[in-house]
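Working notes for the structure below.
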There are 2 protein chains.
Amino acid sequence: MAAKRSYHHGDLRAALIAASFDQLADGGLPRFSVAAVARRLNVSSAAPYRHFPDRVHLLGAVSAVAAGDLRAAIETAAVEAGSDPAARLAAAAGAYVRYVARTGAGFSVIYAAELHDFPDEARREQTRALMTSLLDLGTATGVPSYQEAVLMVEATIAVAQGYTSLLADGFFARKAHSADAVADRATQAARSLAAPSRGAGS
Amino acid sequence: MAAKRSYHHGDLRAALIAASFDQLADGGLPRFSVAAVARRLNVSSAAPYRHFPDRVHLLGAVSAVAAGDLRAAIETAAVEAGSDPAARLAAAAGAYVRYVARTGAGFSVIYAAELHDFPDEARREQTRALMTSLLDLGTATGVPSYQEAVLMVEATIAVAQGYTSLLADGFFARKAHSADAVADRATQAARSLAAPSRGAGS
DNA sequence: GTCTATATCTAGATAGAC
DNA sequence: GTCTATCTAGATATAGAC
């Protein structure tokens, strides 16, 4: 039956956050529970409450880490994409799909409605930095106004989130598409968003 | 206090499906439960089980209805969009956002992983017809191959699903965007996917 | 055809032992 | 710092009354 629970961890707080990512990657937000995370670590269901007062605070900590990691992944992808601003923004879409496929923690977790009434300054900082990175990529494309940059970033995020949702919901299951293949399609679709009637010049 | 439960319905089966849509629109799939649906109708929590053997069968029935309604909404939007094939496909994205914002039942419900092992022929029929409608819109755009039509339809669905997810997750909350405004953006973004600035399948 | 009542399960959260 | 034990609440599902 259940593995024995003689497990005393050195840094359970960090382990809980890491296990939360695994849990999210496995079953998504719907199946996320403090009890399930505790089970993953072979600790009692009460142990997490020594480190987080409740479920929302654990999710909030995960959200902050995810926002920071996602921002780093996007920055890296932009660097690898080269110098074309539109390609750099599109690469963010691909990085988003890869990150969420791997960790299960995308915008639906980072900006989860459950966390809206939850004023965690550290988390606010991370989410703000993430949005700033994205908006910087958007304004760099040379659209005529900030407003249009916002719209383009939103569209890029929407494409990435859309492919991510379809992947997570098993829409691509039959064809057995890998996360990387889907991420490449997201990048390509995002790239074509930037190139319609009004070009970026060059 | 709970309203009294003296309610005998004429067609509880249909009422359960309708109430399921309300429940999905309110709390999404995560908060969907047979008990919550029964509460909405002021019937006992046991009543639904006279009409559906279990939760999955209720969801399956909802899925079939949603697929049919969604297909009708997409067809109508295509007609209203006129004769340009790319505009007709893009209009499907807008119709999708509007339909899911209103009903809560999008692809994540229609193709919910919970239903994969659930062989309901009526539902299969509806979902197949929905995909056929979308693929017809895709092939009509005159892309050089069927494979590219599939990719373009997938991208269009992804855009629509992405805006839908962001809307449902409260991403647009602060700006208080209406569902119609978001649907218009989805339409516009989907429209730019079809722009031949860069070969979609190079 | 719908009700009441109930058995079982899982999750969130707390108290107190070690 | 983590455990066992326990309480509460809500969900699925079944049995049997009316």
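Chain A is the first sequence line, chain B the second, and so forth, proteins listed ahead of strands; every chain is numbered from 1.
- In terms of phosphate contacts, B:Arg55 brings a side-chain nitrogen or oxygen within less than 4.0 Å of OP1 or OP2 of D:dT12.
- Of the candidates B:Thr164, B:Thr187, B:Thr103, B:Asp184, B:Arg98 forms a side chain to side chain donor-acceptor pair (under 3.5 Å) with just one, namely B:Asp184.
- With rounding to whole Å, B:His51 atom NE2 is found 15 Å from D:dT14 atom P.
- Residue B:Ser44 places none of its side-chain N or O atoms closer than 4.0 Å to OP1 or OP2 of C:dT4.
- Atom CZ in B:Phe52 sits roughly 12 Å away from atom P in C:dT2 (whole-Å rounding).
- For the pair A:Arg50 and A:Phe32, nearest-nucleotide mapping onto DNA chain C gives the more 5' position to A:Phe32.
- In this structure, A:Arg39 places its CZ atom 8 Å from P of C:dT10, rounding to the nearest Å.
- Rounded to a whole Å, the CG atom of A:Asn42 is 13 Å from the P atom of D:dT2.
- Put simply, CZ on A:Arg40 is 12 Å from P on C:dA11, counting in whole angstrom units.
- Rounded to whole Å, the distance from OH on B:Tyr49 to C1' on D:dG16 is 18 Å.
- The environment of CZ in A:Phe118 is crowded: more than 12 heavy-atom neighbours from other residues, nucleotides or ligands sit within 6.0 Å.
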Which is it for B:Val56 and B:Leu115 under the side-chain contact (heavy atoms from CB on, under 4.5 Å) test, yes or no, and what are the steps along the way? CA-CA 7 Å; B:Val56 173; B:Leu115 304 178; 3.7 Å; yes
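- Atom pair B:Asp54:CG and D:dT14:P shows a separation of 8 Å (rounding to whole Å applied).
- Each of A:Val34 and B:Ala46 was assigned the nucleotide of DNA chain C with the nearest heavy atom; the assignment lying further toward the 5' end belongs to B:Ala46.
- Ring planes of B:Phe172 and B:Tyr163: parallel class, angle under 30° (limits at 30 and 60°).
- Here D:dA11 presents its C1' atom at 13 Å from CD of B:Glu114, a figure rounded to the nearest Å.
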